[in-house]
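See below for the structure under consideration.
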Amino acid sequence: MIVRDMDSNRGSGGTDSALSVKGLRKVFQRPAVDGLDLTIRRGEFYALLGPNGAGKTTTLRMVAGLMKPDAGSVSIFGIDALAVPNAAKQITAWVSDEPMIYDKLTPLEYLAFVSGLWGVDPKLAEANARDLLRWLELMPNAEERCEGFSKGMRQKVALAGALVHDPKLIILDEPLTGLDARAARLVKDVLLEKVRQGHTVIMTTHILEVAERMAERIGVISRGKLIAEGTLDELRHQAGTKESGTAGDTSLEDVFLTLVAEEEPLA
Amino acid sequence: MSGTATHPRSLLWLSRQESRLSWRDLVWLMTAGYRWRGRSVVIWLLFVTVVMHLIAWGMVGRYAQVGLSAGLESLTAITGSIGLAFFLMMSQALEQVTRLFYGRGDLDLLKSSPVSLRRVLGLRVLSVATSTCAMTVFVAGPFINVLTFEGGPRWLCGYGVAIAAGLGASGIALVLTSALFDLMGARRTRLASQIVAAVIGSAFIIAIQVVAIVSIGTMSQSAFFHSESVIAHAPDLGSPFWLPARAILGDPVPLLGVLLIGVAMFGVPVLLLAGRLGDYAMAAASADHALGHSTRVGFTSLFLGRFRMTSSAALLRRKEWVLLLRDPWLASQSLMQLLYLIPPAIFLWRSYGETQGALIVLAPVLTMAAGQLGGGLAWLAVSGEDAPDLIASAPITERRMILAKVQSVLIAILLVFAPFLIAMAGRSLKIAGIVAVGIAVAATASTLIQVWFRSQAKRRYFRRRQTSSRIATFAEAFSSVAWAGSAAIAASGSWVAIGPTVIALMVLAGAWIIRPK
């Protein structure tokens with residue numbers, strides 16, 4: 001176990017869903033998210049896929065409280081995230097593809113700052129921070145400023161920051177972009193470990209093999225709407241790509257391309 | 001590529017590319033990337049040009065009849081003005097030359113291409129010289145035009161002096177940068193050159209003010225250049241020291257000499273150092289990669305280095321202070337503002353024990369400085385937040401977060417100005433109190449304007465912060481000036497201080513009304 005439990009993640013609250021999104025809508029020049037409904041179960045690893053500009057990031061930013069929706073509702077572990085955002089944020093973590101860290105701080109200082117923002121008990125926070133830095137192989141750099149860190153190291157620091165307050169819901173937007181194989185493996189291991197501990201993970205990614213291997217359920221979003229959802233097998237059925245009787249099943253890539261092509265036919 | 005016959009990779013082809021990049025950079029600086037701002041910028045430039053000519057008329061119009069047989073007093077005043085402009089140009093050029101090596105931009109692309117890096121960097125140094133000359137001509141132009149209109153075409157020689165000074169300043173900047181690379185290594189050169197640029201930019205004016213305070217008891221540069229003691233120590237009328245001044249007055253031979261000196265000051269360093277420019281660029285790139293291995297965090301680690309129970313507001317304040325103290329770009333930008341506080345400090349020290357009247361002079365200087373510094377720090381804390389998503393995703397309300405950042409700025413301002421206020425309180429509690437209020441309201445007003453007009457940006461764009469909102473920039477400047485005037489008049493004991501106070505409040509109210517919603 002890499003992070004000491006601050007409370008039990010399973011069974012708390014009076015709802016089975018970790019995240020419930022209903023009728024979510026956001027319009028910029030055109031609808032970026034268009035009446036999206038999404039439910040993610042507790043302790044689930046959920047991958048949200050979609051082509052560029054489909055509305056994945058906008059959806060997750062609204063869920064994380066970084067952007068206000070034009071319409072709809074967001075409920076995190078039964079908490080109305082739009083009515084009481086701070087209560088929802090208290091149990092949520094956000095990691096984006098662009099690591100949001102301070103160049104002039106060391107990883108330890110950064111984690112002290114983040115855990116302070118979430119009001120984590122200092123002793124527990126320090127123990128969590130050191131565990132995470134050790135797990136993510138950042139301990140040798142714990143006292144160095146982040147300004148010269150590689151993309152992978154920066155992303156690992158950002159991930160440690162997201163996990164140091166032991167969130168129930170971890171939202172990740174393309175967290176593996178630009179990471180080398182070793183760093184990507186570490187990040188994936190940490191996320192799987194968190195799911196094993198009962199935390200809920202929702203992640204967008206363009207690396208379909210990652211979604212195929214890690215996610216229990218996959219949602220495909222296109223033009224701001226959820227066009228398909230389920231396990232990989234269920235998606236194959238929905239896409240009509242299940243080759244019954246053949247030796248192998250179609251890959252997620254084929255399923256994804258089929259689903260998206262139906263929604264967004266080439267001009 | 002355009003359809004002209006320019007051969008790729010030729011000097012002309014590269015210079016066209018460089019000119020296009022420089023032009024777009026300039027346009028972006030003025031319009032912040034908004035196309036619709038183009039017409040506004042043209043109108044604004046015309047307005048500024050007219051205003052600058054009017055100001056120039058008021059300042060130098062009466063000197064248009066000063067002839068070639070000018071006396072020591074006129075030559076001293078002209079030479080002093082040239083010196084002041086020259087040091088500012090050097091500061092500007094040094095910053096640009098440093099940026100040339102450290103600004104990553106397209107340098108990696110160029111380094112990986114078969115184009116001669118020496119040629120590219122040589123061209124970019126020339127571009128620095130061109131922009132330095134252009135800026136000098138833009139600022140000095142109205143003064144030269146007014147003098148020409150009033151006193152005849154001989155004053156046009158001023159343009160020649162401006163160009164020579166721009167070339168000379170760029171040459172010295174190149175030599176200084178090269179010396180810093182050789183002496184301090186690529187890793188320390190960036191910060192060192194920023195500090196040297198800040199010191200050079202303010203050194204001349206501060207030195208003049210300090211000498212003026214010590215010798216004739218005033219901070220006025222004009223009074224200093226016209227003082228008997230300065231004229232008594234000035235070189236003879238026939239000295240080559242007066243060449244630039246004589247060139248400005250329209251004497252063709254000194255003008256030719258000044259131009260030749262300017263060309264030599266630029267050309268010789270470029271020729272001698274051209275072969276090493278590529279090495280410097282490579283060393284700068286390596287230094288960037290090596291930065292992360294620095295383990296020094298210094299005393300600032302005391303603010304954030306430990307895990308402890310504290311409020312999120314206190315945590316945000318401490319984070320802002322650590323980032324402010326560790327930011328080299330900020331160091332260079334704010335150092336200039338802080339250095340300008342040296343003359344008032346010396347003035348305060350010198351006038352200790354004398355009449356309270358001397359203290360009144362300090363009221364506007366300190367209030368203005370607080371307003372400007374407050375605006376800069378507020379921009380860094382609010383708009384220059386490096387991890388906006390982290391803060392937005394934290395369980396803290398936006399209102400509380402902004403309040404904490406505002407507090408961090410105001411406490412920093414208090415720490416900077418406290419020694420002045422304590423020293424003033426020793427002489428006059430009343431004036432110290434008025435100045436304290438002036439500093440507090442000027443800094444608070446600038447901070448509020450930055451909060452109202454906040455627009456997410458990278459901290460490294462601090463130098464260009466004015467491009468995100470011209471309105472905020474001018475509101476901040478007008479507000480600081482009005483509060484400075486109010487503090488000065490209030491310190492002198494007059495109720496007329498209500499006038500500028502009302503203006504300052506109107507500026508603030510206007511900014512609040514038109515703030516982006």
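Note that the coordinates shown come from a computational prediction; the quantities given were computed from them, not determined experimentally.
In this structure, no portion of I171(A) lies under 4.5 Å from any heavy atom of chain B. For L117(A), the parts sitting under 4.5 Å from any heavy atom of chain B are the backbone and the side chain alike. Neither the backbone nor the side chain of S311(B) comes within contact range of chain A; no heavy atom of the residue lies under 4.5 Å from a heavy atom of that chain. In this structure, the portions of A125(A) lying under 4.5 Å from any heavy atom of chain B include both its backbone and its side chain.
For the options K123(A), M153(A), K89(A), heavy-atom pairs under 4.5 Å to chain B are most numerous at K89(A). Chain B forms more heavy-atom pairs under 4.5 Å with one residue of M100(A), E98(A), M67(A) than with any other, namely M100(A).
The nearest pair of heavy atoms linking N86(A) to I396(B) is OD1-N, 3.4 Å. Across all their heavy atoms, A387(B) and I101(A) have their closest contact at CB-N, 4.3 Å. In terms of heavy atoms, W118(A) sits closest to S393(B) at CZ2-O, 3.2 Å. A129(A) and F307(B) get closest at one heavy-atom pair: CB-CZ, 3.5 Å.
Surrounding CZ of R185(A) are at most 12 heavy atoms belonging to other residues, nucleotides or ligands under 6.0 Å away.
Annotation: side chain of R61(A) is in contact with side chain of D389(B) (closest heavy-atom distance under 4.5 Å). V322(B) has its side chain out of reach of F113(A): every pair of non-hydrogen atoms, C-beta onward, lies at least 4.5 Å apart.
How far CG of L315(B) is from OG of S115(A): 7.5 Å, rounded to the nearest 0.5 Å.
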Report the C-alpha distance between L105(A) and R326(B) in whole Å, list the side-chain angles of each, state the deciding distance to 0.1 Å, and finish with yes or no for side-chain contact (heavy atoms from CB on, under 4.5 Å). CA-CA 9 Å; L105(A) 299 187; R326(B) 290 182 186 173; 4.0 Å; yes
Could you walk me through whether K319(B) and Y110(A) pass the side-chain contact (heavy atoms from CB on, under 4.5 Å) check? CA-CA 9 Å; K319(B) 187 267 287 181; Y110(A) 177 75; over 6 Å; no
